[in-house]
Amino acid sequence: MREIFAGMPWWVKWIAVPVIAIFVFGGLIASVVGFVIGLLFKALIFVVLVGGLIFVVRKFMSSSSRGDW
């Protein structure tokens with residue numbers, strides 16, 4: 001493989017080959033990136049919901065322990 005690229009100009013190695021790879025595998029790359037971003041977004045939503053639940057439970061427990069009934 002190295003011998004094939006040895007005789008090629010620099011623009012073939014650094015411009016043409018990556019452009020062709022993005023053209024061929026672009027859909028795959030986009031779906032993987034979309035999956036990762038979606039997973040991070042769901043993890044963020046999970047953390048926010050669990051944090052909110054803990055906040056509400058602590059608030060409720062502290063107000064009920066004072067004997068305000």
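None of the values given here were measured: they were computed from a predicted structure.
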Which residue, Leu40, Val33, Leu39, forms the side-chain contact (heavy atoms from CB on, under 4.5 Å) with Ile37? Val33
N/O donor to acceptor pairs below 3.5 angstrom from side-chain atoms of residues 7-29, sequence neighbours left out:
none

Which Ile, Leu, Val, Met, Phe, Trp or Tyr residues join Leu49 in one cluster when any pair of side-chain heavy atoms under 4.5 Å counts as a link? Phe41, Ile45
